[in-house]
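Both counts, for ligands and for their atoms, begin at 1 and track the order of listing.
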Amino acid sequence: MNSPRFDVISIFPEYMQPLSLSLVGKAQEKSLIEINVTDLRDFAEGLHKSVDDTPYGGGAGMVMSPEPWAQAIDSLSDDPEGNYELIVLTPAGKKFDQAMAYELATKEHLIFACGRYEGIDYRVTEHFRSKRNFTVREISIGDYVLNGGEVAALVILEAIIRLIPGVIGNPASLEEESHSLSDESAEQLVEYPSYTKPAMWRELEVPSVLLSGNHGEIARWRMEQSKARTKKLSE
Ligand code: 6GU
């Protein structure tokens, strides 16, 4: 099978430079994934290469025009055999979570549309939803407003790409994560606190159970810590 492909469309392609760093950068070098960034402006017409206009119905700000988006997306989806997931980043979307990351990590080709200003003319979403080889999702990363979808795309890409086989050096850590998530009976717990050397640092000791060598005790202590931390978050 081909390696999964990720396209990002933005008027600020430089925002995506972090994708060449660290594990995500290495995953590209190893051809485990392919990432391509498209400048929306390349699909803008006219002297001023404008990509936005005033909103119908009035109101503040500008709305991104549909045609440059459609042309950019069309240019990235010309395989008649291809299946495409268009991800429209918007604070009005469904909240991104780990379950969504697992699902998106199974897709062959994701296209991230990073809107700016007051968003993208909604007919772009409707148009691609009507195509048989497209799935369109509107996704938000949380209950706050960003200036555009670029940072949200970076967040979502990192969460997805680390789940792709071979990307993470130590698959045991992924295994631990996925157990808690796929097991319906297990409640969602946050991580227990971690410690490393030295055992005494600035007068603070590492909890003695972690130095005991008793693996049963350690597992029990960690579970208690996870539960206590999770409870604290809901207070
Ligand atoms: Cl996806 N976009 C913008 N502009 N703001 C957001 C967001 C997305 N998710 C949370 N806030």
Legend entry - Side chain, backbone, both or neither: the part of Thr90 lying under 4.0 Å from ligand 1 by heavy atom: backbone

Inset, instruction - Could you see which bit of Ala152 sits under 4.0 Å from ligand 1, with heavy atoms only: side chain, backbone, both or neither? - result: side chain

Can you tell me the protein heavy atom closest to [atom] and the distance?
| atom | result |
| --- | --- |
| atom 10 (C) of ligand 1 | Gly142 O, 3.1 Å |
| atom 5 (N) of ligand 1 | Leu146 N, 3.0 Å |
| atom 3 (C) of ligand 1 | Pro91 CD, 3.4 Å |

Inset, instruction - Answer yes if Trp221 and Val190 sit in the same cluster of Ile, Leu, Val, Met, Phe, Trp and Tyr residues linked by side chain heavy atoms under 4.5 Å apart, and no otherwise. - result: no

Inset, instruction - Number the atoms of ligand 1 from 1 as they appear, then name those within less than 4.0 Å of a heavy atom of Ile139, with their elements. - result: 1 (Cl)

Legend entry - Proximal ligand 1 atoms for Ser140, defined as those under 4.0 Å from one of its heavy atoms: 1 (Cl), 9 (N), 10 (C)

Inset, instruction - Out of Phe96, Phe112, Tyr144, indicate the one that has the non-hydrogen atom closest to atom 11 (N) of ligand 1. - result: Tyr144

Inset, instruction - Before signing off on this row, confirm whether Ile141 and ligand 1 have an N or O atom pair separated by under 3.5 Å. - result: yes

Can you tell whether the side chains of [X] and [Y] come within less than 4.0 Å, N to carboxylate O?
| X | Y | result |
| --- | --- | --- |
| Glu85 | Arg137 | yes |
| Arg129 | Glu126 | no |
| Arg222 | Glu191 | no |

Inset, instruction - Before giving the answer on side-chain hydrogen bond (donor to acceptor under 3.5 Å, both in side chains), spell out for Thr90 and Glu138 the whole-Å C-alpha distance, their side-chain angles and the decisive distance to 0.1 Å. - result: CA-CA 6 Å; Thr90 164; Glu138 296 176 280; 5.3 Å; no

Inset, instruction - Would you please say whether a donor-acceptor pair under 3.5 Å links the side chains of Asn36 and Asp7? - result: yes

Legend entry - Short side-chain to backbone donor-acceptor contact, Tyr122 and Gly119, under 3.5 Å: no

